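Model, not experiment: these values are computed from the prediction. Atom set for the values below is all heavy atoms of this structure, side chains included, hydrogens, waters and symmetry mates excluded.
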Amino acid sequence: LFVNLFNATLQIYDVSNLTAPVFLASVPSYLGDIIVSPDDKTLYVYSVKSLSVFDVSNLKAPSLIAREETGAKQVSIEDPHSFAISADGKTLFLAGSDFTIYNVSNRESPNKAYYLEADKNTDYPAVCVLDKESVALLTRDSIKVLDVTDLISPKEITSIPISGRGEWIESLTEKRVLVLSKGIQQRKEIVPLLIQSFDISDQSSSESVQLKGIAVSSIPRISKSNGNFFVLDTLDVILLNVDANHNTFPTKIGEGDLILPTSALFLPSSETVIVGTYWQLAFTKLLVDLPPNPELIIKPLMKTIVELDQQPETMAIASYMGTKKFIITRSDDKKRCFLKIFDLISGTALGSLNLNSLATSLKVSLDEKRVFVNMILWISVIDVSNPESPKKIARLSSDEDILTFIPVQDGKAFIIVTQYQSALNFKIIDGNTGKVNLFAQKKDIESPSDCKKFDNSLALSKDEKILYFFYDS
């Protein structure tokens with residue numbers, strides 16, 4: 001099982017035993033959706049404006065082998081990124097707003113073959129592969145069937161109008177697709193979802209199914225796995241049963257306890273659905289009965305939870321190698337913070353440390369033996385080589401409030417950003433001597449209302465020779 005976390009970390013699990021998933025490896029990734037090649041040796045990450053390629057042939061040692069800027073101009077981080085891969089694994093189709101085709105026959109050098117930019121009247125939210133010669137590209141009001149035998153110059157075969165506003169598309173067969181669209185909102189009522197199947201060959205469609213009373217998120221989507229379809233909304237996962245006539249019959253699973261689901265996979269061999277949420281993976285075994293009427297009865301039998309992210313009181317969270325989770329929590333009186341260490345897989349608490357003051361963010365050394373914490377007026381260096389007994393080993397002071405920081409050479413020095421009046425000051429602190437040097441300044445800025453807006457505003461190039469800083473726009 002491959003999981004791309006919202007902190008831009010790719011994790012790999014062995015889920016042979018669904019009651020006890022085993023963590024295999026973790027590698028820094030990019031925020032976005034993922035797809036695995038048919039031979040299971042390559043994983044692609046489609047992020048906001050880039051395509052990243054990972055070699056996953058060795059599950060315990062995944063590695064980034066290529067990264068390509070897509071050049072997309074209209075992609076928003078809120079858009080559901082839809083992309084598909086051909087059966088031979090040589091072609092990628094990327095949608096979301098713009099539409100892009102990549103030749104990945106050489107996975108170490110993806111080649112952009114075709115690019116179609118969205119405009120104010122048309123965008124392309126989703127795509128699916130029909131067969132080796134054609135794909136179905138969804139627009140807001142139609143399905144466009146494209147002949148892609150020539151990747152450089154795809155040709156439109158037909159266009160089929162749809163009801164509602166198109167959001168997601170998946171293939172049922174080579175000639176039939178399932179479309180998810182948003183209906184029209186009436187006053188303050190919840191926007192209904194319309195689900196409909198279309199025959200590409202004769203442009204006929206089934207009667208649409210409207211899901212009523214569902215709190216649909218801003219990015220509803222269909223997750224397909226082995227012929228089973230899941231519609232993801234804010235609080236639940238809806239399983240779609242598609243009968244022989246390609247009609248759909250929705251049934252909720254999850255019973256309201258799956259908060260913000262982001263993806264769903266079904267494992268037919270074990271009748272288990274894996275639901276990924278913003279904070280956890282839920283492995284739920286299902287007992288599926290098919291009664292005389294065409295509606296599914298689903299009873300959860302077993303649930304295994306793997307925690308992926310932070311607790312509600314968490315101020316900050318960090319993990320590099322993926323074996324431990326380091327979080328900062330704030331006391332009830334909001335006067336001091338604690339560093340807490342957990343085993344990332346089991347969720348077991350390993351140790352904690354009272355920081356005796358407020359903290360805003362933290363970073364972890366590459367070997368996970370030290371944690372660096374922004375204590376606002378100083379950086380605290382904490383030895384966590386023994387996670388059961390973390391201890392402070394250094395305090396690097398600043399004469400101004402630290403808005404954000406980043407370690408250099410794995411903690412031999414730190415770049416900090418501070419503010420004095422209307423100027424942002426960029427400084428370097430020597431990790432051994434504590435000496436501080438000012439090296440750049442940005443003047444005439446407004447006072448930040450919240451230091452946390454700067455948490456992820458610094459980045460270093462791989463050779464640590466270039467510093468990137470993001471402030472407002």
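For the pair P125 and L138, the tightest heavy-atom approach, listed with the atom from each and the gap, is CD-O, 3.0 Å. Among all heavy-atom pairs drawn from S397 and W378, the shortest one is CA-CB, 3.8 Å. Summarising the geometry of P110 relative to V53, their closest heavy-atom pair is CG-CG2, 3.8 Å, with the distance given to 0.1 Å. Shortest non-hydrogen contact noted between I341 and P387 is CD1-O, 3.6 Å. Pairing each heavy atom of I328 with each of S361, the nearest pair is CD1-O, 3.9 Å. Contact detail for S26 and Q11: the closest heavy-atom pair is OG-CG, 4.0 Å.
Taking the side chain as every heavy atom from C-beta outward, F342 and L350 never approach each other to under 4.5 Å. The shortest side-chain heavy-atom distance between N354 and R336 falls under the 4.5 Å cut-off. In this structure the side chain of P390 never reaches within 4.5 angstrom of the side chain of V371, judged on heavy atoms. Residues I415 and L467 meet the side-chain proximity criterion, which asks for heavy atoms closer than 4.5 Å. Side-chain contact between D14 and F23: absent, with no pair of heavy atoms (C-beta onward) separated by less than 4.5 Å. Annotation: side chain of N437 is not in contact with side chain of K427 (no heavy-atom distance under 4.5 Å). Counting heavy atoms from C-beta on, the side chains of I402 and V417 never come closer than 4.5 Å. Side-chain contact check for D33 versus N4: every heavy-atom pair is 4.5 Å or farther apart.
Although no hydrogens or angles enter the test, the distance criterion places no donor-acceptor pair under 3.5 Å between the side chain of S142 and the main chain of K144. S352 contributes no side-chain N or O that, together with a main-chain N or O of K340, makes up a donor-acceptor pair within less than 3.5 Å. Distance alone, capped at 3.5 Å, places no donor-acceptor pair between the S181 side chain and the G164 backbone. Looking only at distances, no side-chain donor or acceptor of E68 sits under 3.5 Å from a matching main-chain atom of S109. Here the side chain of N425 pairs no donor or acceptor atom with the backbone of Q441 at under 3.5 angstrom.
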| message | Applying side chain to side chain donor-acceptor pair (under 3.5 Å) to S50 and R67, what does each step give before you reach the verdict? | response | CA-CA 7 Å; S50 68; R67 185 168 187 263; 3.1 Å; yes
| message | For L94 and F99: C-alpha separation, side-chain torsions, deciding distance, then whether side-chain contact (heavy atoms from CB on, under 4.5 Å) applies. | response | CA-CA 6 Å; L94 283 64; F99 174 59; over 6 Å; no
| query | Step by step, would you call T42 with V36 a side-chain contact (heavy atoms from CB on, under 4.5 Å)? | reply | CA-CA 6 Å; T42 309; V36 182; over 6 Å; no
| request: Applying side-chain contact (heavy atoms from CB on, under 4.5 Å), run through L151 and T91 and close with a yes or a no. | output: CA-CA 9 Å; L151 297 182; T91 310; 3.8 Å; yes
| Between L377 and S398, does a side-chain contact (heavy atoms from CB on, under 4.5 Å) hold up when you go through it step by step? | CA-CA 5 Å; L377 277 172; S398 168; 5.6 Å; no
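Test I65, I34, L64 against F54 for side-chain contact (heavy atoms from CB on, under 4.5 Å) and you get one pass: L64. Of the options V129, V135, L137, a side-chain contact (heavy atoms from CB on, under 4.5 Å) to V148 is made by V135 and by none of the others. Residue L362 forms a side-chain contact (heavy atoms from CB on, under 4.5 Å) with just one option from I327, N374, L339, and that option is L339.
Residues that satisfy the ring pair (Phe, Tyr, Trp, His ring centres under 6.0 Å) test with F372, not counting sequence neighbours, are F414. For D40, there are no salt bridge (Lys or Arg N to Asp or Glu O under 4.0 Å) partners two or more places apart in sequence or in a different chain. Scanning for side-chain hydrogen bond (donor to acceptor under 3.5 Å, both in side chains) contacts around S389 gives an empty result, with sequence neighbours left out. With sequence neighbours excluded, the residues that form a ring pair (Phe, Tyr, Trp, His ring centres under 6.0 Å) with F426 are F469. Under the salt bridge (Lys or Arg N to Asp or Glu O under 4.0 Å) criterion, R165 pairs with E167, not counting sequence neighbours. Under the salt bridge (Lys or Arg N to Asp or Glu O under 4.0 Å) criterion, D39 pairs with no residue at all, not counting sequence neighbours.
For the atom pair CG (L460) and CD1 (I406), the distance works out to 4.0 Å, reported to the nearest 0.5 Å. With rounding to the nearest 0.5 Å, the separation of CD1 in I169 from CG in L178 is 8.5 Å. Once rounded to the nearest 0.5 Å, the distance linking CG of N111 with OG of S105 reads 8.0 Å. The OH atom of Y46 lies 5.5 Å from the OG1 atom of T100; values are rounded to the nearest 0.5 Å. Atom CD of residue E170 and atom CG of residue L180 lie 10.5 Å apart, to the nearest 0.5 angstrom.
Side chain to side chain, D55 and S63 fail the donor-acceptor criterion of an N or O pair below 3.5 Å. In summary, the side chains of S380 and R395 do not present any donor paired with an acceptor at a separation below 3.5 Å, with no hydrogens or angles considered. Of the N and O atoms on the side chains of Y115 and E117, not one donor lies less than 3.5 Å from an acceptor on the other residue.
Geometrically, K112 does not engage Y114 in a cation-pi contact, judged by NZ or CZ lying under 6.0 Å from the ring centre and within 45° of the ring axis.
Other residues, nucleotides and ligands place no more than 12 heavy atoms under 6.0 Å from the CD1 atom of I152. Other residues, nucleotides and ligands contribute over 12 non-hydrogen atoms within 6.0 Å of the NZ atom of K392.
Ionic pairing of D123 and R140 is present here: one or more N-O contacts between side-chain nitrogen and carboxylate oxygen are shorter than 4.0 angstrom. Using a 4.0 Å cut-off between charged nitrogen and carboxylate oxygen, R370 and E368 do not count as a salt-bridge pair. A salt bridge is defined here as a Lys NZ or Arg NE, NH1 or NH2 lying under 4.0 Å from an Asp or Glu carboxylate O, and K363 with D410 fails to meet this definition.
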